[in-house]
Protein chains: 2
Amino acid sequence: MNETSTSSSVSPSAEEYLLTLFRKEVGNEQIGTSKLAELFDVKAPSVTGMLRRLHKRGWVTYKRYRPPELTDLGRSIATKLIRRHRLLETYLVSHLEFDPDEVHDEVEILEHAVSDTLIDRIDEKLGHPAFDPHGEPIPDENGHSPNMNLITLSTVAEESSAVFSRMDNRDLGMKKHLTSLGLQPGTNLTRMSSGQADQLLVKAGERLLKMPEKIAQLIWVWPDTY
Amino acid sequence: MNETSTSSSVSPSAEEYLLTLFRKEVGNEQIGTSKLAELFDVKAPSVTGMLRRLHKRGWVTYKRYRPPELTDLGRSIATKLIRRHRLLETYLVSHLEFDPDEVHDEVEILEHAVSDTLIDRIDEKLGHPAFDPHGEPIPDENGHSPNMNLITLSTVAEESSAVFSRMDNRDLGMKKHLTSLGLQPGTNLTRMSSGQADQLLVKAGERLLKMPEKIAQLIWVWPDTY
DNA sequence: TATTATTATTAGGATATCCTAACTTTTTGG
DNA sequence: CCAAAAAGTTAGGATATCCTAATAATAATA
């Protein structure tokens, strides 16, 4: 058993802190003791204590009064947690009718309780998805994320194909609309030639859709590049 | 929010102890400190400590050197936990291809982490099942178990029908054997008349089986009583 | 740059869980 | 019915989390 296989052996809080630190690092955001305290609804000294413990576990480098830095180990563990998190979200949304915007809290607790076996089962059931319901990439078992060289659908050349990756997930209405048309992360799209300037002709699976240029600019795809 | 709605706010171990105590009570079995210690792979003093805490929470009545007694509150909480447990087992088996004999450990951890909402979703997905994969009854939201008036298959009258409910689940070999013959919780059985004394003739679904009296005594069925 | 304001840490406690070692009560059996 | 054996408890520690109050370091500003 490697250090990260049995997540139930590790305290949930510690993993949550790690995850937060990781997300902030990815987003190039600064985060200190008091911000963390606020996020976790905890008092500052608790954060200091946690940072010490994370340091002791080798997940972060920590020196008093300095912001914590993730170690490679920390990053690798966080990546596995991200994978669990996104797979669980995907599963709850697609198999248990959870609302994409409401799964987070449930998953935050679950991700520390499910076994690797269950995660693998879910991954299989879902067909090894590369993106979660929010369009975020799901790292594979080795921690590699799908290489994202995303472009908007509007920049795809006519007669070219691409894979739907993500859409602006701030506009729920549009999201639902697109989903109802069969446009979801993973859907294969082909842009057909169309006479009109501000209107695209897109083949999504079997369907042929007309789509305003404006919307195509909000849809990010993974280009088929051979 | 009632005392038991947010199980994540309560320590998993305490709930596990409660569950064990409840199961023993139901089975009319005695259980003391050292047996508990063995079950939880923990030393005796830890059990004493836990019993004190369970007492303080009002889940059990405890006096030193005496076996613990469940309180009504304890029983009611345990019943909810049993519901979670059995629904989760049922779900993992029917929707995620877990082996009925291997779900237990997974569920033991999960049952303390899932929200009531998720449990309700699962319950719906499963169509409000009354029995789990082991044939054990699943209490409803109010803690009521399906009324079970079980009798053994050997006491079913000839030419009468009954529904397979449960079998002695201590004998794994027999269980697998019966399962392979199509005998599972839920299967409809009809006892046919047979000339032999120590041998029953049983129709299970489409199949006609010969079954030693001995085995029929270990199979519990829900009689068809109109 | 010196002083104030902000941010972060220590000190000292609480709870839940677990442990070892030493002790007590209950049970059992001659 | 009394002495071992078995079962259970207390005492004293450990770790992970969290807290409050007091203190220290860094950052910001006049």
Side-chain angles (χ1 to χ4, degrees), chain A residues 3-4 6-21 24 29-70 73-74 77 81 108-109 111-113, chain B residues 3-4 6-21 24 29-70 73-74 77 81 108-109 111-113:
Chain A
E3 322 82 325
T4 71
T6 41
S7 54
S8 36
S9 65
V10 160
S11 0
S13 315
E15 293 189 347
E16 278 307 315
Y17 277 79
L18 178 67
L19 222 26
T20 299
L21 258 13
K24 294 301 173 186
E29 290 171 68
Q30 276 293 111
I31 189 146
T33 304
S34 48
K35 286 258 164 58
L36 283 167
E38 206 186 309
L39 266 179
F40 288 103
D41 198 20
V42 132
K43 294 296 148 62
S46 307
V47 174
T48 302
M50 181 59 84
L51 293 178
R52 289 183 161 309
R53 288 189 297 270
L54 294 183
H55 183 178
K56 200 159 51 155
R57 288 177 203 272
W59 292 1
V60 307
T61 289
Y62 173 69
K63 286 189 178 127
R64 41 200 227 324
Y65 295 104
R66 310 256 122 250
E69 309 270 8
L70 289 170
L73 173 62
I77 293 175
L81 289 174
E108 206 160 82
I109 294 171
E111 65 190 344
H112 307 294
Chain B
E3 321 83 327
T4 70
T6 41
S7 54
S8 36
S9 66
V10 160
S11 1
S13 315
E15 294 189 346
E16 278 306 315
Y17 276 80
L18 178 67
L19 222 27
T20 298
L21 257 12
K24 294 301 173 186
E29 290 171 68
Q30 277 291 114
I31 188 146
T33 305
S34 47
K35 287 259 164 58
L36 283 167
E38 205 186 308
L39 266 179
F40 287 103
D41 199 20
V42 131
K43 293 296 147 65
S46 307
V47 173
T48 302
M50 180 59 83
L51 292 178
R52 289 185 161 308
R53 288 189 298 271
L54 294 184
H55 184 183
K56 199 158 54 152
R57 285 173 193 211
W59 292 1
V60 306
T61 288
Y62 171 69
K63 286 189 177 126
R64 43 203 223 325
Y65 296 106
R66 311 254 120 251
E69 309 270 8
L70 288 170
L73 174 61
I77 294 175
L81 290 174
E108 205 161 84
I109 294 171
E111 65 189 343
H112 308 293

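Every chain is numbered from 1 and lettered A, B, ... according to where its sequence line falls, protein lines coming before strand lines. Because the structure is predicted, anything quoted here is derived from the model rather than measured.
For the atom pair B:Arg57 CZ and B:Leu18 CG, the distance stands at 9.5 Å (nearest 0.5 Å). Within the model, atoms CD of A:Glu69 and NE2 of A:His55 stand 11.5 Å from one another, a figure rounded to the nearest 0.5 Å. The distance from the CD atom of A:Glu38 to the NZ atom of A:Lys43 is 11.5 Å, given to the nearest 0.5 Å.
For the contact set between residues 33-41 of chain B and DNA chain C, defined by any heavy atom under 4.0 Å, there are no members.
For the residue pair B:Leu51 and B:Val60, the shortest heavy atom distance occurs at O-CG2, 4.1 Å.
One interatomic measurement links the two molecules: CG of A:Leu51 to P of D:dT17, which rounds to 12 Å at whole-angstrom precision. Atom NZ of B:Lys63 and atom P of D:dT9 are 14 Å apart (whole Å). Distance CD (B:Glu15) to C1' (C:dT17): 15 Å, rounded to an integer number of Å. In this structure, B:His55 atom NE2 and D:dT9 atom C1' are separated by 16 Å, rounded to whole Å. Separating the CD1 atom of A:Ile31 from the C1' atom of C:dA8 is a distance of 14 Å, rounded to the nearest angstrom. Atom NZ of A:Lys43 and atom C1' of C:dG12 are 17 Å apart (whole Å). B:Tyr65 places its OH atom 5 Å from the C1' atom of D:dG8, with the value rounded to the nearest Å. We find that NE2 of B:His112 is positioned 14 Å from C1' of C:dT17, with the value rounded to whole Å.
Take the nearest nucleotide of DNA chain C for B:Arg64 and for B:Ser13: the residue whose nucleotide is more 5' is B:Ser13. Sequence order on DNA chain D of the closest nucleotides to A:Arg66 and A:Val42 puts A:Val42 first from the 5' end.
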Determine, stepwise, if the pair A:Thr48 / A:Tyr65 fulfils side-chain contact (heavy atoms from CB on, under 4.5 Å).
CA-CA 9 Å; A:Thr48 302; A:Tyr65 295 104; over 6 Å; no
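For the side chain to side chain contact (heavy atoms under 4.5 Å, CB included) test, residues two or more places apart in sequence or in another chain that qualify with B:Glu16 are B:Leu19, B:Phe40, B:Glu108, B:Glu111, B:His112. For B:Ser13, the side chain to side chain contact (heavy atoms under 4.5 Å, CB included) partners are B:Tyr17, B:Met50, not counting sequence neighbours. Residues satisfying the side chain to side chain contact (heavy atoms under 4.5 Å, CB included) test with B:Ser34, not counting sequence neighbours, are none.
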Output field dot_bracket for DNA chain D (Watson-Crick or G-U, both distances under 3.5 Å, | for other-strand pairs) contains ||||||||||||||||||||||||||||||
I'd like a list of close polar pairs between nucleotides 14-16 of chain D and the protein, N/O only, cut-off under 3.5 Å.
residue: D:dA16; atom: O3'; partner: A:Ser11; partner atom: OG; Å: 3.3

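The nucleotide whose nearest atom lies closest to any side-chain atom of B:Pro45 is, among C:dC18, C:dT20, D:dC18, C:dT20.
Taking only side-chain nitrogens and oxygens, A:Ser46 never comes nearer than 4.0 Å to OP1 or OP2 of D:dT17.
The side-chain heavy atoms of B:Leu36 and B:Val42, taken from C-beta on, include no pair separated by under 4.5 Å. Between B:Trp59 and B:Glu15, some side-chain heavy-atom pair lies under the 4.5 Å cut-off. Using a 4.5 Å heavy-atom cutoff, the side chains of B:Leu54 and B:Pro68 are not in contact. Annotation: side chain of B:Thr61 is not in contact with side chain of B:Leu70 (no heavy-atom distance under 4.5 Å).
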